[in-house]
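One structure below.
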Number of protein chains: 2
Amino acid sequence: MLTKEQLIEYSEDARKNYLDHISIDCVVFGFHEGQMKVLLLLPHDENKWLLPGGFVQKQEPIEMAANRILKERTGLDKIFLQQFHIFGDPDRAKFHHDLYKETVPDEQNWFAKRFLSIGYYALVDFFGVVPQPDQFSETCTWRDLDDMPEFLLDHELIFKTALETLRVQLSYQPIGYNLMPREFTMPELQKLYETILDKKLDRRNFQRRILGFGILNRAEQPRKGGAHKAPYLYSFDLEKYQNALTEGFKGGW
Amino acid sequence: MLTKEQLIEYSEDARKNYLDHISIDCVVFGFHEGQMKVLLLLPHDENKWLLPGGFVQKQEPIEMAANRILKERTGLDKIFLQQFHIFGDPDRAKFHHDLYKETVPDEQNWFAKRFLSIGYYALVDFFGVVPQPDQFSETCTWRDLDDMPEFLLDHELIFKTALETLRVQLSYQPIGYNLMPREFTMPELQKLYETILDKKLDRRNFQRRILGFGILNRAEQPRKGGAHKAPYLYSFDLEKYQNALTEGFKGGW
DNA sequence: AACAATGGTGTATAAAGTACACAATTGTAA
DNA sequence: TTACAATTGTGTACTTTATACACCATTGTT
């Protein structure tokens with residue numbers, strides 16, 4: 001919890017630098033050990049969580065603001081970002097409004113007002129991320145998609161909307177370049193799809209379909225060393241991948 | 001063009017009532033005589049056009065704001081509205097900023113600042129609309145989709161993004177209930193799809209596919225009176241239609 | 001050497017999408 | 001009244017895509 005003085009100082013700065021009434025919240029997806037992960041923050045003295053977020057500087061494009069915010073939380077630059085919704089319920093920030101109302105008058109509390117939050121989701125390389133809490137938070141860490149904690153504010157709604165959007169996007173655009181390591185096996189990629197869609201896919205049909213998109217290159221040598229039969233390694237053909245992003249696929253899983 | 005006094009008065013009111021930095025712009029689609037139409041405003045003393053838009057009241061949910069704005073321009077209530085993007089380029093409002101800068105100082109001009117605009121698109125019954133210009137506009141009128149005029153600000157981008165979104169939506173959701181009259185013929189509905197997608201569809205395959213969705217009821221009696229063979233009349237089965245909206249279709253056209 | 005676990009590949013069937021042709025109705029022009 | 005053009009209704013063959021399913025190959029373990 002911030003002291004009264006810290007909050008007032010932050011509020012003064014914010015008023016100078018940021019657009020009023022606008023915030024950004026990001027749902028950052030990563031993939032590791034066959035598990036979909038989401039980057040979350042645990043505020044000081046709280047047991048409910050928040051999505052990484054921030055505000056838009058007065059002369060900053062919103063996409064750039066989202067990038068800046070995520071760079072602060074992850075260390076990553078040039079993140080794959082997708083704006084997906086704006087959340088504008090007047091009561092959505094009730095938590096922040098109530099939190100300090102005894103100690104700091106509303107006029108001096110940047111958080112004690114209505115914010116519209118622009119939702120972005122991001123797909124990032126799990127290993128590239130160095131989670132970094134902000135000044136309001138105790139920890140910043142990955143949480144498993146199938147073991148999400150309770151959220152503050154309306155961040156559960158934002159998270160769920162992002163996941164739905166990602167699922168829809170999966171049906172008409174390729175996904176994976178930002179989430180998989182450079183080289184990966186077909187079963188590993190399939191696991192990603194199964195995790196996002198939360199259902200089993202047929203191994204053989206999955207392979208045929210994915211390869212049919214023509215966005216993968218197969219390495220000469222299979223992966224060695226593991227137990228069992230050595231699987232082939234694949235990597236994304238970036239040019240064709242980008243093209244498929246623009247053109248879009250057809251059909252759904 | 002407003003007088004200096006009018007602008008200053010409007011600005012004072014706006015500052016009191018509306019959220020800073022937030023605007024809403026709407027792309028209103030209608031369908032009439034086989035033509036897709038978009039509702040546009042021509043500002044006073046201008047030859048370029050604007051989308052109907054407005055601002056969000058301090059304690060108003062944004063969806064309600066969009067409804068209120070469209071009710072003022074169309075007379076319609078309970079419009080089918082879909083939020084599709086937020087436009088946040090810092091320079092997007094340069095036109096409004098420059099327009100009055102000689103006569104009214106920026107601090108007193110509500111428009112002379114940065115706005116983020118929330119884009120909504122609407123599908124409405126052409127005959128239900130009574131276009132009503134706002135105080136800044138000379139006229140409010142339908143324009144043909146294939147004969148769009150030049151736009152002010154970034155409204156061409158907003159319009160084009162809306163159209164793209166509508167096309168994508170067409171592939172996985174039913175469209176038409178809000179745009180067609182209660183009863184219509186299959187060729188009429190096909191024309192709507194062809195207009196939105198801007199391509200010809202096969203008459204027989206279209207019919208099979210649409211009927212396959214199971215969201216249409218066929219009337220007992222064909223339409224009489226016209227030249228040529230009397231076509232059957234169809235209407236949407238509202239329950240199944242709503243269901244399809246929630247569930248979504250598969251595949252693309 | 002047999003086995004369990006994993007990965008690669010092919011084939012048969014069902015469903016969906018596409019291309020295409022002919023018959024029926026109605027007003028109009030000869 | 002009759003031939004014709006325009007429009008609508010319907011069916012069928014073919015192609016592509018999706019789905020279900022089985023067998024073999026490789027590798028470490030027992």
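Letters A, B, ... mirror the listed sequences (proteins, then strands); counts begin at 1. Side-chain atoms are counted along with the backbone in the values below, which use heavy atoms only and exclude waters and symmetry mates. Just so we're clear, the structure is a prediction, and the values are computed from it rather than from any experiment.
- Across the protein-nucleic acid pair, B/Tyr234 atom OH and D/dT8 atom C1' stand 10 Å apart, rounded to whole Å.
- A donor atom on one side chain and an acceptor atom on the other are not found under 3.5 Å apart for A/Gln207 and A/Asp202.
- Taking atom CD1 on B/Ile210 and atom P on C/dA16, their separation rounds to 15 Å, with Å as the unit.
- With sequence neighbours excluded, the residues that form a ring-ring contact (aromatic ring centres under 6.0 Å, His included) with A/Phe87 are A/His85.
- Atom-to-atom, CG of B/Leu201 to P of C/dG17 comes out at 13 Å; the value is rounded to the nearest Å.
- Counting only residues at least two apart or in different chains, side chain to side chain donor-acceptor pair (under 3.5 Å) contacts with residues 63-78 of chain B comprise B/Glu60-B/Arg68, B/Lys71-B/Asp77.
- Taking atom CD of A/Gln207 as the reference point, atom P of C/dT6 lies 17 Å away to the nearest angstrom.
- One interatomic measurement links the two molecules: NZ of B/Lys200 to C1' of C/dC20, which rounds to 17 Å at whole-angstrom precision.
- When the P atom of C/dG7 is taken as reference, atom CG of A/Leu189 falls 13 Å away, rounded to whole Å.
- Protein atom CD of A/Glu188 is 11 Å distant from nucleotide atom P of C/dG8, rounded to whole Å.
- Look at CZ on A/Phe206: it is 13 Å from P on D/dA18, rounded to the nearest Å.
- For B/Thr161, the side chain to side chain donor-acceptor pair (under 3.5 Å) test picks out no residue, with sequence neighbours left out.
- Annotation: ring-ring contact (aromatic ring centres under 6.0 Å, His included) contacts of A/Tyr177 (sequence neighbours excluded): A/Tyr241.
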Reading nucleotides 20-30 of chain D 5' to 3', which nucleotides get B (base under 4.0 Å from a protein heavy atom), which S (sugar-phosphate only), which -? BBB--BBBS--
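- Qualifying ring-ring contact (aromatic ring centres under 6.0 Å, His included) partners for B/Trp49, counting only residues two or more places apart in sequence or in other chains: none.
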